[in-house]
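Take a look at the structure below.
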Amino acid sequence: MEVVTRIAPSPTGDPHVGTAYIGLFNYVFAKRHGGRFVFRLEDTDRQRYQPEAEQRLLEMFEWLGIEPDEGPELGGANGPYRQSERLEIYRRHADLLLETGKAYRAFETAEELEAMRLEQKRLGRPLGYDGRGRSVPREEQERRAAAGEPHVIRLVTPDEGEVTFVDRLRGEVSIPASEVRDQVLFKSDGYPTYHLANVVDDHLMGVTHVIRAEEWIPSTPLHVLLYRAFGWDAPEFIHMPLLRNPDRSKVSKRKLDTSVDSYRQQGILPEALLNFLATMGWSMPDGREFFSVAEMTERFDIDRVSLGGPIFDLKKLRFFNAKYLRDLLPLEEVADRVEPLFRAAGYEWDDDDYLLDVVDVLRPRAETLMDLVDQAGYFFRDTLRYDEAARKQLAAGQSHLQDVERELSMLEFFDYDGVDDMLRDYVQAQAVGMGKVLMPLRAALTGTTQAPSVTDLIVILGKEESLRRIGAALTFIDAGLPDDDPQRALEEEKARKAAEAEARTSHKKSVGAERAAKARASGASEEGPR
RNA sequence: GGCCCCUUCGACUAGCGGUUAGGUCACCACCCUUUCAAGGUGGCGGCACGGGUUCGAAUCCCGUAGGGGUCACCA
C-alpha cells in the first residue's frame, strides 16, 4: 500500500516553525517510502481565520523546498484540500453517525456549559462535558433542530473501559474511557471540529501515517473511537516530540520567535533551518550532522526519533546557518542569495567579481545573510563614518598612512602578492609591529577596526579607491578627528562628498577577479551542502 | 487537580546488557594571526533518584521525583 502522509496546518497567524518541523518529517517519511505528501488546509475555525495565511503557508513550504504532491493549489485526486470546501462531506458523515445513534444533537448554551464547568470545579469533579445531552430523546432533538434551535453534534463515547491505540514510537497507549468526553463533532456555526474533519479527511484522502505533534496524544483515543464509529481502519499514529522554548514549555511566540518568515527575513537559509529542524529529535545513523533533505530522505528511519522534547536553540540554529554560509554553500550561491539584499540596502557594484570578492572575505564573519549586509557597508559607501576605535587608530597612525599612501601609489604590481609584499617590506623597514601600520590603515579603509585582512581590503577596493580612502582619512585627521556628533558628522560628510565629487572619476572597480578565481579554485566549497 | 507522554553533559544527541559513556553547539584555555572572525588543539561538563532482574546495567522491570502535554462549539 502506498504511503500517504499529510501536513494539515490551520491558516492562523504566521507560518510556524512547528509546522515546518512536522511538515519536514511527514515529507521525508513519505518520500522515503515512495509515497505521497499531502497539504490540507484546516480552515474550520472562522474566528481565527486569516485570509493571507494560506498563501504564506504555501510560500513557506516552497521556500523550504518541501513541496506537497497534493494541495489546494496544485489539486489532486482527493480534493478539495480546503476543509471549508468540504462541508457537505462532513455533514454527510455526521448524519451517518446521527442515524446510527453514535452521535447526538446537544443544545446546551455557552452559559450552561460554563455553569457546568464551575460546578465541576467547585465539587472537585473531573472537568469536561458530562454527556447530559444524551438523555434528550431523539425525536425532541430532531424537532428542536428542525425548528432552527442552535446546537452542536456530539459523539457518544463509552463510559467504561479503556481506549487503546498504538503509537509507533511509544507502543500501546491506553486511556480510561471516562477521560474521553462526548466531544463536539459539529459546531453550531455549521463547521466541523478538527476531530471530525481530520478523521474523515485522513480516511478519504488515504492517509496511512499520521505524523503529528505530541500534543495530540490525548485526543487520539477520540479519533480512534471515531474511526470505529465509521467502521474504518485507523492510520498508524506517530507522535513527534514537541519543540520547546528555552524554559522547556512548548514553543510559543511569546517566549520564542516562532515565525519562519521572521527567520527568513533575518537571513536564515532554508537549508540551515531544515537541517537544524531535522536534528530536533532525529539523528543520522552515521552521526553526520550536516545533511540535506535529500540525504535525510535516503537514510530516514522514523524509529530513530528520540522522544525528549528538544529545545529550539537559536544559537545552534545560527551556527548551522553560519556553517552553510561559509562552508557548505558555494561562494556563488551565497552571492546569489545575498545580492537582492545588497541591492535593497542600496549597494551598487559594476562587476560581479566585486560582489564575489566581498562575500568571499566577509562570510567567515557572518552567521546570517543580514550579517553580510550589515558588514558589507564600507565596501559600497563613498563616505565612511569612523567609529571611536577607528579614530584612535587614525590619530596614532598619521605618518604611516602618509607613507603607505605614497608606497601604494608607486606600486606597479597591484595584485595580492604585490600589495602584501609592499606592506610587509614597509613594516619591516620601519621596524614596528604590523598592527602599528595595519590598524590605522584598516581604520582608514573601513572606518572600523574589525574587518578582513588589510591586504584583502586593498586588493578588493582597488588602487584608486584605496588611495582615495587613505586620503580622506588623512583629511579627516587634519580636521582634528571630529567625533560622532550627528550634526557635525553630517556636515562633514556633505562637504567631503562635494569635494570628492569632482576629483573622483570611477572607483569601486574590481581588481579582484583574479583573487576570486584563485579562492574558488583552492576552496573546497564547490560541492554544496552535504 | 485527573489523565497521558517524557527523562544521557547548560543545549542537540549517539548508545539499544559488558564502552575510560562518543560527537556537536555553547563556554574556557592555548595555537595560528594584521584587528575581528574563521580554522586547529585541548579542557570543563552527563546517565534524576531508589529498588529490583542479571555474573554484569545508561541500556530491562517497578516505584519516586522532575519536566511537558491535555482536559474548548481552537487546531
Side-chain angles (χ1 to χ4, degrees), chain A residues 8-12 42-45 47-48 106 108-110 113 117 121 124-129 150-154 167 169-170 173-176 178-181 183-195 197-198 212-221 239 241-242 244 246-250 276 279-290 304 306-320 322-323 326-327 361-367 375 389 393 423-424 427 433-439 441-443 446 448-456:
Chain A
S10 70
T12 58
E42 308 240 331
D43 57 347
T44 56
D45 184 340
Q47 268 71 45
R48 296 200 301 157
E108 290 80 17
T109 62
L113 293 175
R117 247 187 300 277
K121 221 167 206 171
R125 309 297 306 170
L127 267 29
Y129 187 73
H151 65 282
V152 299
I153 297 175
R154 290 181 182 271
D167 177 276
L169 303 174
R170 287 159 251 261
V173 177
S174 289
I175 185 173
S178 58
E179 290 291 321
V180 185
R181 313 293 170 194
Q183 285 284 350
V184 172
L185 266 24
F186 239 98
K187 300 180 274 188
S188 57
D189 66 0
Y191 281 75
T193 61
Y194 168 83
H195 304 296
N198 130 81
R212 71 211 324 184
E214 193 179 12
E215 58 186 329
W216 292 106
I217 289 180
S219 49
T220 303
H239 291 97
L242 233 25
R244 309 292 187 90
D247 69 0
R248 291 220 167 272
S249 54
K250 83 165 170 178
F276 170 69
T279 65
M280 303 275 90
W282 192 76
S283 60
M284 272 286 197
D286 62 6
R288 229 182 328 166
E289 47 196 335
F290 302 112
R304 283 185 64 82
S306 59
L307 297 176
I311 290 175
F312 192 94
D313 182 2
L314 273 322
K315 276 192 174 168
K316 191 138 188 182
L317 204 214
R318 293 179 71 85
F319 164 77
F320 268 90
K323 187 74 181 171
R326 60 179 166 243
D327 286 338
V361 295
L362 250 26
R363 65 174 178 163
R365 295 163 174 78
E367 288 189 316
Q375 290 175 29
Q393 290 296 340
L423 288 173
R424 286 178 194 282
V427 167
M434 294 277 260
K436 281 275 187 291
V437 175
L438 297 179
M439 284 311 289
L441 248 185
R442 174 174 287 110
T446 66
T448 174
T449 54
Q450 301 183 0
S453 125
V454 168
T455 305
D456 277 336

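Basis for what follows: all heavy atoms, side chains included, without hydrogens, waters or symmetry-related copies.
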Using the [atom1] atom as the reference point in each nucleotide, state the distance between [N] and [M] in Å, no decimals.
N	M	atom1	result
B:C3	B:U24	C1'	37 Å
B:A48	B:C6	P	15 Å
B:A14	B:U19	C1'	12 Å
B:U64	B:G18	P	29 Å
B:U20	B:G66	C1'	30 Å
B:G45	B:G10	C1'	9 Å
B:U7	B:C47	P	16 Å
B:C30	B:A58	P	37 Å

Indicate yes or no: does A:Lys316 engage A:Asp313 in a salt bridge with an N to O separation below 4.0 Å.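 Looking at A:Lys316 and A:Asp313, the cut-off is not met.
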When we call it a touch if two heavy atoms are under 4.0 Å apart, what does [X] touch: a base, just sugar-phosphate, or nothing?
X	result
A:Arg212	nothing
A:Pro176	sugar-phosphate
A:Ser178	nothing
A:Gly433	nothing
A:Thr279	sugar-phosphate

Indicate yes or no for a side-chain donor-acceptor contact from [X] to the backbone of [Y] under 3.5 Å, with no hydrogens or angles considered.
X	Y	result
A:Arg326	A:Arg363	no
A:Thr193	A:Val184	yes
A:Lys250	A:Gly309	no

Nucleotide forming a Watson-Crick or wobble pair with [N], both distances under 3.5 Å:
N	value
B:U7	B:A65
B:U53	none
B:C32	none
B:U70	B:G2

Applying side chain to side chain contact (heavy atoms under 4.5 Å, CB included) to A:Thr220 and A:Val173, what does each step give before you reach the verdict? CA-CA 10 Å; A:Thr220 303; A:Val173 177; over 6 Å; no
Let me know, please, whether A:Gly124 or A:Val454 comes out on the 5' side of the other along RNA chain B by nearest nucleotide.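 Here A:Gly124 is the residue nearer the 5' end.
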Using heavy-atom distances to pick each residue's nearest nucleotide on RNA chain B, tell me which of A:Arg442 and A:Met284 is more 5'.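 Result: A:Met284.
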Report the C-alpha distance between A:Phe319 and A:Lys315 in whole Å, list the side-chain angles of each, state the deciding distance to 0.1 Å, and finish with yes or no for side chain to side chain contact (heavy atoms under 4.5 Å, CB included). CA-CA 6 Å; A:Phe319 164 77; A:Lys315 276 192 174 168; over 6 Å; no
Proximal nucleotide (of [options]) relative to the [X] side chain:
X	options	value
A:Leu438	B:U34, B:A38, B:U13	B:U34
A:Arg170	B:U34, B:C5, B:C12	B:C5
A:Glu289	B:G15, B:C36, B:U24	B:U24
A:Ser453	B:A14, B:C36, B:U34	B:U34

Is the shortest side-chain heavy-atom distance between A:Leu441 and A:Leu423 below 4.5 Å?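 A:Leu441 vs A:Leu423: side chains touch.
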Round to a whole Å and report the spacing from [atom1] of [X] to [atom2] of [N].
X	N	atom1	atom2	result
A:Leu169	B:U7	CG	C1'	16 Å
A:Met439	B:U33	CE	C1'	13 Å
A:Arg365	B:U33	CZ	P	16 Å
A:Leu307	B:C4	CG	P	17 Å
A:Met434	B:U33	CE	C1'	9 Å
A:Arg363	B:G39	CZ	C1'	14 Å
A:Phe290	B:G23	CZ	P	15 Å
A:Leu441	B:U35	CG	C1'	12 Å

Suppose we screen for ring pair (Phe, Tyr, Trp, His ring centres under 6.0 Å). Which residues come up paired with A:His239, at least two apart in sequence or across chains?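 Counting only residues at least two positions away or on another chain, A:His239 forms no ring pair (Phe, Tyr, Trp, His ring centres under 6.0 Å).
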Reference residue A:Tyr129; test side-chain hydrogen bond (donor to acceptor under 3.5 Å, both in side chains); the match among A:Glu108, A:Arg117, A:Gln183: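 Going through the options one by one, the only one that passes is A:Glu108.
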If you measure only the distance, is there a donor-acceptor pair under 3.5 Å linking the side chains of A:Arg424 and A:Thr455?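 No pair is found: no donor N or O on one side chain lies under 3.5 Å from an acceptor on the other.
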Could you write nucleotides 64-75 of chain B as a row of B, S and -, 5' to 3', where a protein heavy atom under 4.0 Å of any base atom gives B, of only sugar-phosphate atoms gives S, and otherwise -? ---SSSSSSBBB
Within residues 312-319 of chain A, residues whose heavy atoms come under 4.0 Å of RNA chain B: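 Per residue number, the list reads A:Asp313, A:Lys315, A:Lys316, A:Phe319.
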Step through the shown structure and confirm whether more than 12 heavy atoms of other residues, nucleotides or ligands are within 6.0 Å of NZ on A:Lys436.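 No - once you tally the heavy atoms of other residues, nucleotides and ligands closer than 6.0 Å, there are 12 at most.
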Would you find more than 12 non-hydrogen atoms of other residues, nucleotides or ligands less than 6.0 Å from A:Arg125 atom CZ?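 No, because the 6.0 Å sphere around CZ of A:Arg125 holds 12 heavy atoms or fewer from other groups.
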